[in-house]
Amino acid sequence: MTPRSTESLARALPDGVRELCATLRERGHEAWVVGGCVRDVLMGREASDWDVATTAWPKDVQKIFRRTIPTGLDHGTITVLLRGDKYEVTTLRGESGYADGRRPDVVTFGASIDEDLGRRDFTVNAIAYDPARDVIVDPWKGEDDLERRVIRAVRDPRERFAEDGLRVLRAARFVASLGFELDADTEAAIRPNLPTFAKVSPERVREEWMKAFRAQQPSRAFRVMRRTGMLAIHAPLIEGQDEACFERAMRRLDACPREPAARVASLVWEERSRTKEIDAWLRALKFSNHERESVLLVLAHADAPRRALDLASTRRLLRAVGTSDIGWVLATLAADVSVQGTDEARSTFDAFEARVSSVIDARDPIDLKALAITGADVMRVAERGPGRYVGEVLERLLDEVIEDPTRNDAASLLARAKVLAQSDTPKTGSSKVEP
Ligand code: ATP
Ligand code: MG
């Protein structure tokens, strides 16, 4: 322990956490802050979640604090609400037996802090800080690994990876999110444990991918995943890429915005014609509908700079993408342009970007809100009540206005709406058509 290390922790500790630990101590329990928050502060980063480990049992924690949520009672985790913040308070645990490689068979409470730290995944995540005594507990020399910037499993990596198949992916993820290197022994233990990794639920995999995507250079995680064989399990599409193609994907991945959909799209950019496979892959990995649709949307517009050559096509593009998403979509296209690295790609993109800006600046109508008439107007001129036709007529009007914005005046739209509403089955909008 160096005095400097506790200094940064003492300074960063929120009042709520200090109070929480002090209260537990007044009641005769011990309390430490542990895990990611300790690691992040020692690295000079801002801590996100402050997690507390305590000798108090979950039912004691519930009695001591007025406002609690039994978040993970089986695992001994109680969320405590204090001073407007939430803290996870977990009873010290020892664990034994992982028959399925997914969760421990038995969780035993009443362990020591050293035991608790010994069941954590990596040394840098296995450091505890006791605010009352102002001391660091670091039995696995996590501080040394922080200094060396190394991800190393606590104890024997082969055993630890066999206990919980997710840890191999977490190793890769921390290589990206912390910008560390993977210890050679720890890396060597990944391949023998791939069968256990393959059993991990897609939800847990997705969670780690998401955290990798938030890193400055997610490629650091994906390179580890590729060279250890992890990628083949959850992303055969990418794993199948040849070396040069994978390299371009990695450069695109780091250059694109941190938006998860942009990161995913960058990975499969050159496979984008395989829409069905990409869709199935994202479903299997439990990406949300919104995320999946966003990935497919940006891939569908990958060639827009070369195809949306006039203003009407550009307006159609903006209608399909939406003004709130156009920023990251453009930035994702720009990442690919930088990977292509040719003057031609650059100038084509610049001209495209200028067209998009001019459409936005001109406030050209690109969505229903911008139409000079509303659904109520359509019903009035149609002399009919509500129905599907209202939306269909409006979509059709928008199509026409997108072709020629000068048509967006109330009088001519009303006349047109009347005609369209009278024909039984008006054609629906072409919003999904690519430029
Ligand atoms: P981040 O800041 O990115 O969330 P983190 O270290 O806080 O990183 P969490 O997933 O929030 O990661 O987990 C909190 C702590 O719980 C970790 O620091 C580690 O000590 C422990 N931990 C989490 N998952 C595992 C696991 N699968 N096996 C062992 N220990 C784990
Ligand atoms: Mg965390």
Side-chain angles (χ1 to χ4, degrees), residues 9 12 17 32-54 71-72 75-77 79 85-98 100-105 107 111 113-129 136-143 145-146 151-180 186 189-190 193 196-197 199-201 203-216 218 220-221 230 258 260:
L9 281 160
V17 182
W32 295 263
V33 289
V34 283
C37 55
V38 177
R39 177 200 66 216
D40 289 345
V41 171
L42 291 176
M43 284 178 71
R45 293 184 169 199
E46 200 165 323
S48 45
D49 310 315
W50 289 86
D51 296 329
V52 172
T54 180
T71 327
H75 302 100
T77 303
T79 300
D85 270 312
K86 285 183 186 171
Y87 305 105
E88 290 203 343
V89 180
T90 306
T91 305
L92 294 180
R93 292 175 296 189
E95 283 165 6
S96 46
Y98 289 75
D100 62 0
R102 271 180 284 195
R103 67 190 77 79
D105 299 335
V107 178
I113 184 69
D114 279 17
E115 263 183 277
D116 183 276
L117 296 174
R119 50 154 279 280
R120 290 172 186 269
D121 48 7
F122 304 107
T123 60
V124 295
N125 290 345
I127 310 174
Y129 172 63
I136 282 176
V137 186
D138 181 18
W140 306 100
K141 298 200 179 350
E143 278 201 279
D145 286 337
L146 275 182
I151 296 298
R152 183 198 315 276
V154 168
R155 298 185 277 131
D156 180 356
R158 285 184 186 245
E159 281 175 22
R160 306 314 308 292
F161 290 167
E163 283 170 4
D164 177 356
L166 184 70
R167 289 177 186 152
V168 295
L169 178 57
R170 285 175 60 86
R173 189 271 275 191
F174 283 117
V175 165
S177 54
L178 303 179
F180 284 14
T186 299
I190 293 181
N193 280 297
T196 316
F197 173 55
K199 288 192 251 171
V200 172
S201 74
E203 288 82 359
R204 294 181 80 201
V205 170
R206 177 186 167 280
E207 203 57 41
E208 297 299 326
W209 276 46
M210 285 298 187
K211 289 191 172 181
F213 287 148
R214 265 177 242 139
Q216 182 107 37
R220 296 179 62 84
M230 274 188 261
R258 292 189 190 203

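Start at 1 and go down the list; that is how both ligands and their atoms are numbered. Hydrogens, waters and symmetry mates are skipped; everything else that's a heavy atom, side chains included, is used.
Protein heavy atom in closest approach to atom 5 (P) of ligand 1: Arg39 NH1, 3.7 Å. Remark: minimum distance from atom 28 (N) of ligand 1 to any protein heavy atom is reached at Arg167 NE, 2.7 Å. Protein heavy atom nearest atom 3 (O) of ligand 1, with residue, atom name and distance: Arg173 NH1, 2.7 Å. Closest to atom 7 (O) of ligand 1 among all protein heavy atoms lies Gly36 CA, 3.5 Å. Considering only non-hydrogen protein atoms, atom 10 (O) of ligand 1 sits nearest to Arg170 NH1, 2.9 Å. When only non-hydrogen protein atoms are considered, atom 14 (C) of ligand 1 lies nearest to Asp51 OD2, 4.2 Å. Residue, atom and distance of the protein heavy atom nearest to atom 11 (O) of ligand 1 are Lys211 NZ, 3.9 Å. Nearest protein heavy-atom contact of atom 21 (C) of ligand 1 is Arg120 NH1, 3.7 Å.
Looking at Arg220, its side chain does come within 3.5 Å of a backbone N or O of Val175 through a donor-acceptor pair. Put simply, the side chain of Thr196 never gets that close to the backbone of Ala162: no donor and acceptor are under 3.5 Å apart. No donor-acceptor distance shorter than 3.5 angstrom exists from the side chain of Asp145 to the backbone of Thr123, with no hydrogens or angles considered. Under a 3.5 Å cut-off, the side chain of Thr79 and the backbone N or O of Thr71 do not form any donor-acceptor pair.
For the salt bridge (charged side-chain N to carboxylate O under 4.0 Å, His left out) with Asp164, the lone residue among Arg204, Arg170, Arg120 that qualifies is Arg204.
Counting heavy atoms closer than 4.0 Å to ligand 1, residue Arg160 contributes nothing at all. Contact annotation: for Phe161 versus ligand 1, there are no heavy atoms closer than 4.0 Å.
For the atom pair Phe161 CZ and Leu169 CG, the distance stands at 10.5 Å (nearest 0.5 Å). Atom CG of Asn193 and atom CE of Met230 lie 10.5 Å apart (nearest 0.5 Å).
Atoms of ligand 1 found under 4.0 Å from any heavy atom of Phe174 (numbered from 1 in listed order, with element): 6 (O), 8 (O). Each of the following atoms of ligand 1 lies closer than 4.0 Å to a heavy atom of Gly35: 18 (O).
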N/O donor to acceptor pairs below 3.5 angstrom from side-chain atoms of residues 34-48, sequence neighbours left out:
from	atom 1	to	atom 2	distance (Å)
Arg39	NH1	Asn125	OD1	2.7
Arg45	NH1	Ser177	O	3.1
Arg45	NH2	Ser177	O	2.9

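Under a 4.0 Å N-O distance rule, the pair Glu163/Arg160 qualifies as a salt bridge. Look at Arg119 and Asp116 and you find a salt bridge, because one of the NZ, NE, NH1 or NH2 atoms lies within 4.0 Å of a carboxylate O, short of that distance.
For Arg119, the closest heavy-atom approach to ligand 1 falls below 4.0 Å. The shortest separation from a heavy atom of Phe122 to ligand 1 is not under 4.0 Å, leaving the residue out of contact. Between Asp164 and ligand 1 there is a heavy-atom distance shorter than 4.0 Å.
Considering backbone and side-chain N/O of Asp121, one or more are found under 3.5 Å from N/O of ligand 1.
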